[in-house]
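Okay, so here's the structure we're looking at.
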2 protein chains.
Amino acid sequence: MSDVRVLSATGRKPQRGRIDKRRAILNAAFAVFSRQGYAQACVNEIAAEAGVAKPTVYNHLTDKANLFRHAIEAAAATLTAEIMAAIERMADRGDDLRAMLEAVGHELLRCYCDERSWAMRRLLYAEVTRFPDLLDVLPVDGPGVTKALADRLARLCIAGHIRPTDPDQAAEQFISLLTGPVESRSRFGTRPVAEEELRDIARAAVDTFMRAYAASPQHG
Amino acid sequence: MSDVRVLSATGRKPQRGRIDKRRAILNAAFAVFSRQGYAQACVNEIAAEAGVAKPTVYNHLTDKANLFRHAIEAAAATLTAEIMAAIERMADRGDDLRAMLEAVGHELLRCYCDERSWAMRRLLYAEVTRFPDLLDVLPVDGPGVTKALADRLARLCIAGHIRPTDPDQAAEQFISLLTGPVESRSRFGTRPVAEEELRDIARAAVDTFMRAYAASPQHG
DNA sequence: ACTAACTTGAACCTACTGGTTCAAGTGCGC
DNA sequence: GCGCACTTGAACCAGTAGGTTCAAGTTAGT
């Protein structure tokens, strides 16, 4: 996957600054792609925003397409890490199911509404025909997070806290109940959603989810 | 909204062929934009696909931007009409709530999975920053359809078939339960979803919805 | 038949942008 | 201090595409 020879012919190790430059380029690339979209984004501008000369960009990442790929992947890795941390936190407070689901739901929505997150979804949605494989890196509503959530739900199922069901489907629906409403209300991320509204959406989603999936009727 | 003088100085009426040309242009434009995206689409190709000379395109729709706008709006009108018809059908078979919801859900998903529908969502998602106002025309998960569905649900609520709730929220969640799973499974429309799978998703959505919203526990 | 509206094809202009080249420079290990 | 790897800036090339112009049709009302 790495595009550039990091070991030269003489075995000299790459300098410290090089990797910083690469990171700067990828960050700038993601920022510019986010604002302009793939086709409209201009490599010149990316180089400028990264504080780097244009040939340096082409030295690190051969193509515009490659630049896009790696920029997306890098950004997705960051975002996904944050989300996974939120899901891991589900393990802790195991007493109150509803409170726990609301907490994790709210956390997920906060990640989902992050500016970078919207930008990433916009880019992936737009360029899915040109870069079909990139879908796998999608945060929040991507396969990775859904799977992780399904695992958690499966445990809750075994523990008898939710009724017996297909955990994959339950996770899918839980995510949908969270992200769907926020999608329309925020107009694809162009209008900021108040923190309070996010809470409400998460609460409503959990309420519906509990009514449908809770083992004992504890939604009183 | 119309860009071109349809009445000339002498009051001559526009020819029959003119409107046909316009329609051909808009259709071709939507097709090409769908395939290529806004920036990558080339007006030359649109003209060619419409069987029309390039200046004719600029005669009817001044700009590339305007061309995009009108192409989207025209396509959205068509799609929305189909969907509304599906929702109207909810009025009929009023006996079996579950069957009715499954039917309309399945129908909605079929519209949602139409190739044109995917293309439209891709385009809107991608260009929402450049054309923020276009979001209002979005079919299925747009404001129009959600509102119409909410109206239906409100009636069901009054009739006592579903428990007392905010119909807007219920509609929002119903749509989310339908579209969310299909979104991830079809990889943003790049992978075809089998008819049978669509049925399953609709069934699962309705099941969860009924468990959460049905007045009497009729999900036995 | 006359004329105004519209269409056509092709050439044309202009701007932009992906990508390359090159000579001069810079930092760093030895 | 030497030399290698990398960076830089600027010029450069080539392809592409939005938009215009123009002369030559074509259509259809009167």
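This is a predicted model, so every value here is computed, not measured. Sequence lines set the chain letters: A, B, ... in the order given, protein chains first and strands last, and positions in each chain run from 1.
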- Message: Please report the interatomic distance CD1(A/Ile83) to OH(A/Tyr112), rounded to the nearest 0.5 Å.
- Response: 10.5 Å

- Expressed in angstrom and rounded to an integer, what is the separation of A/Asp20 atom CG from D/dT7 atom P? 11 Å

- Message: In whole Å, I'd like the distance from the NZ atom of A/Lys21 to the P atom of C/dC28.
- Response: 10 Å

- Item | Base versus backbone protein contacts along nucleotides 15-26 of chain C [heavy-atom cut-off under 4.0 Å; B, S, -] | --SSBBB-----

Mind listing the side-chain donor-acceptor pairs of residues 41-50 of chain B below 3.5 Å, one per line with the distance, residues two or more places apart or on another chain?
unit_1  : atom_1 : unit_2  : atom_2 : d
B/Glu45 : OE1    : B/Gln36 : NE2    : 2.8
B/Glu45 : OE2    : B/Arg35 : NH2    : 3.4
B/Glu45 : OE2    : B/Gln36 : NE2    : 3.4
B/Glu49 : OE1    : B/Arg35 : NH2    : 2.8

- Note on the structure: Taken to the nearest whole Å, CD/B/Glu45 to P/D/dA17 is 9 Å

- Query: How far does CZ of A/Arg121 sit from CG of A/Leu124, to the nearest 0.5 angstrom?
  - Reply: 9.5 Å

- Message: Could you walk me through whether B/Leu149 and B/Phe174 satisfy the side-chain contact (heavy atoms from CB on, under 4.5 Å) test, starting with their C-alpha distance in whole Å, then the side-chain angles of each, then the deciding distance to 0.1 Å, before giving a yes or no?
- Response: CA-CA 9 Å; B/Leu149 185 66; B/Phe174 184 62; 3.5 Å; yes

- Task: Using a strict cut-off of less than 4.0 Å between a Lys/Arg side-chain nitrogen and an Asp/Glu carboxylate oxygen, indicate whether A/Arg110 and A/Glu195 qualify as a salt bridge.
- Result: yes

Identify all side-chain donor-acceptor contacts of residues 128-143 of chain B below 3.5 Å with residues at least two apart in sequence or on another chain.
unit_1   : atom_1 : unit_2   : atom_2 : d
B/Arg130 : NE     : B/Glu127 : OE1    : 3.1
B/Arg130 : NH2    : B/Glu127 : OE1    : 3.0
B/Asp133 : OD1    : B/Arg69  : NH2    : 2.5
B/Asp133 : OD2    : B/Arg69  : NH2    : 2.5
B/Asp136 : OD1    : A/Arg187 : NH1    : 3.1
B/Asp136 : OD1    : A/Arg187 : NH2    : 3.3

- Within the pair A/Thr56 and D/dT8, is there a side-chain N or O less than 4.0 Å away from OP1 or OP2? yes

- To the nearest angstrom, how far is B/Leu61 atom CG from C/dC6 atom C1'? 15 Å

- Query: Quick one: is A/His60 getting a side-chain N or O under 4.0 Å of the D/dT7 phosphate, OP1 or OP2?
  - Reply: yes

